[in-house]
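Notes for the one structure printed next.
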2 protein chains.
Amino acid sequence: MKQMIAISEDELNDFLSQSVSKTFKRNETISQPNVVPNEIFFIIKGLIRVMITDNEGNEHTVHFALENQFISDYSNFMQKQPSFYTLQALEETQVVVLPRSAIEWGYKNLQEGEKMGRLIAEYYFIYQDNRIKNTFSRTPKQRYDTITDVFPNIHNRAPQHMIASYLGITPVHLSRLKKSSR
Amino acid sequence: MKQMIAISEDELNDFLSQSVSKTFKRNETISQPNVVPNEIFFIIKGLIRVMITDNEGNEHTVHFALENQFISDYSNFMQKQPSFYTLQALEETQVVVLPRSAIEWGYKNLQEGEKMGRLIAEYYFIYQDNRIKNTFSRTPKQRYDTITDVFPNIHNRAPQHMIASYLGITPVHLSRLKKSSR
DNA sequence: TGAAAGTCTAAACAAATGTTATCGTACAGT
DNA sequence: ACTGTACGATAACATTTGTTTAGACTTTCA
């Protein structure tokens with residue numbers, strides 16, 4: 001937060017006193033679909049994946065979130081609509097839980113609260129924009145080759161079938177791509 | 001703006017006095033790649049497409065923007081980086097041009113300027129999030145069938161090959177999909 | 001108003017990607 | 001340490017999607 005906005009120690013303490021720390025076990029579900037998300041998480045340590053389950057029951061990995069990142073179904077958090085996403089810890093993961101009440105308190109009461117909200121939304125917009133640029137102007141192979149730019153060390157932390165899902169291809173096909181580039 | 005934030009007539013006038021109206025002809029280029037975008041456009045009338053040209057020279061349509069919408073390479077506008085995108089008017093299009101100076105003036109001087117910035121960023125984030133949800137959990141056919149939810153009447157306003165490009169498929173394949181659903 | 005350019009469909013073929021099944025290995029939980 | 005489960009590679013085959021080309025039709029604009 002100090003990197004984003006000018007904030008006094010008092011403000012920071014008031015804000016953080018409304019949050020709570022929480023630890024999830026490996027493979028534990030953090031947030032369920034069909035429920036209005038009322039929290040934003042900040043990852044202290046660990047790895048979270050965001051996925052969507054389609055009508056046929058297939059899981060699609062939409063995002064990985066690493067240390068020092070905010071994560072939530074931000075879209076439906078803002079819209080106060082039931083989530084489509086599942087958030088799942090891929091490792092033992094420690095987070096700071098920011099409830100909606102704290103966020104809204106921040107917008108109102110922090111000197112630069114609205115600015116922080118704007119910067120966070122802008123940050124995620126840029127991420128999403130890059131995602132779309134990549135998806136539509138590059139091949140799966142090219143996307144695979146640069147995934148560590150966005151998620152360093154992901155190959156050692158997430159199973160390959162989830163990476164394939166993130167890239168929008170099947171695990172079998174990813175295995176082929178890897179082979180052909182050797 | 002009045003729909004987003006509380007703003008007085010004086011504030012609104014001060015803000016809008018820093019903008020200018022402009023009209024582009026059909027097929028005219030509005031914004032070039034490799035240039036830092038320093039404007040946000042608000043569409044009064046017309047239709048704009050946003051596209052990216054890849055290394056092989058292929059054009060990929062990433063977005064259509066309709067009346068009453070803001071449009072720009074918002075990502076690179078914020079980052080003050082040279083754009084990857086081309087903005088092109090598909091019809092004779094009238095816009096309000098908001099230069100960077102006006103936007104930044106708004107953040108600083110409008111009572112709820114930062115809030116407006118947050119809401120705009122959030123709005124686009126939600127749009128992008130839906131785009132990603134759609135892309136990764138639905139087939140091209142399913143995406144085609146619902147494109148008018150996002151871009152009403154687009155079939156009468158944009159050529160089919162641009163719609164195909166937006167969907168991430170070739171025009172030939174789109175033609176096939178249409179045939180098979182008859 | 002006529003030529004040129006753009007647009008959509010269609011067919012045949014090619015390439016990319018998905019599906020299913022099998023196997024060996026690694027790993028997690030008891 | 002044992003055992004069931006998850007994981008990744010691979011092969012054979014199926015399906016989807018892309019490529020190229022051609023033709024008919026429409027739109028643009030000089």
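Here is the naming used below: chain letters follow the sequence lines, and residue numbers restart at 1 for every chain. Hydrogens, waters and symmetry mates play no part in the numbers below; they use all other heavy atoms, side chains included.
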Requested in this report: With heavy atoms under 4.0 Å as the rule, sort A:P140 into base, sugar-phosphate or nothing.
Outcome: sugar-phosphate
Report summary line: Side-chain contact check for A:S175: nearest option of C:dA28, C:dT9, D:dT10 is D:dT10
Query raised in the report: Counting only distance, no hydrogens or angles, is the base of D:dG18 paired donor-acceptor with the side chain of B:R176 under 3.5 Å?
Result: yes
Report task. Please state whether the phosphate of C:dG29, meaning OP1 or OP2, lies under 4.0 angstrom from any side-chain nitrogen or oxygen of A:K25. Result -> no
Query raised in the report: Rounded to whole angstroms, how far apart are CD on A:E59 and C1' on D:dC7?
Result: 15 Å
Query raised in the report: Any idea which of C:dT9, D:dG18, C:dA21 is nearest the B:Q160 side chain?
Result: C:dT9
Requested in this report: State yes or no: are the ring centers of A:F70 and A:Y123 separated by less than 6.0 Å?
Outcome: no
Query raised in the report: Under 30°, 30 to 60°, or over 60°: which ring-plane class applies to B:F151 and B:F64, parallel, tilted or perpendicular?
Result: perpendicular
Query raised in the report: Between B:D73 and B:S83, is any side-chain donor less than 3.5 angstrom from a side-chain acceptor?
Result: yes
**Report entry** Salt-bridge criterion met for B:R118 and B:E122 (N-O under 4.0 Å)
**Finding:** yes
Report summary line: Of the candidates D:dA11, C:dG18, D:dC7, the side chain of A:V172 sits closest to D:dA11
Query raised in the report: Can B:R100 and B:E39 be counted as an ion pair, charged N to O under 4.0 angstrom?
Result: no
Report summary line: Here the distance between atom P of D:dT28 and atom CD of B:E28, to the nearest Å, is 17 Å
Query raised in the report: Is the phosphate of C:dT17, meaning OP1 or OP2, less than 4.0 Å from a side-chain N or O of A:K141?
Result: no
Report summary line: B:I163 atom CD1 is separated from C:dT7 atom P, nearest whole Å, by 12 Å
Report summary line: Rounded to whole Å, the CZ-P distance (A:R157 to D:dC7) equals 17 Å
Query raised in the report: Taking atom P of D:dA6 as reference, at what distance in whole Å does atom CD of A:Q88 sit?
Result: 13 Å
**Report entry** Among C:dC8, D:dA11, D:dG8, the one nearest A:P159 by side-chain distance
**Finding:** D:dG8
Query raised in the report: If you pin B:T139 and B:R26 to their nearest nucleotides in DNA chain D, which one's is more 5'?
Result: B:T139
Report summary line: Of the listed D:dT20, D:dA9, D:dG18, the closest approach to the B:I169 side chain comes from D:dG18
Query - Nucleotide nearest A:H161 (side chain, heavy atoms from C-beta), chosen from D:dC7, C:dC8, C:dA10 - result: D:dC7
Report summary line: To the nearest angstrom, the CG-C1' distance between A:L174 and D:dT10 comes to 14 Å
Requested in this report: Nearest whole angstrom, please: distance from the P of D:dT28 to the CD of B:E92.
Outcome: 13 Å
Query raised in the report: OP1, OP2 of D:dA9 versus side-chain N and O of A:K178: anything below 4.0 Å?
Result: yes
**Report entry** Cationic N near anionic O, under 4.0 Å, A:E112 to A:K2
**Finding:** no
**Report entry** From D:dC7, C:dT19, C:dT7, nucleotide with atom closest to A:T170 side chain
**Finding:** C:dT19
Report task. For B:H173 and C:dT7, give me the distance from atom NE2 to atom P, rounded to whole Å. Result -> 21 Å
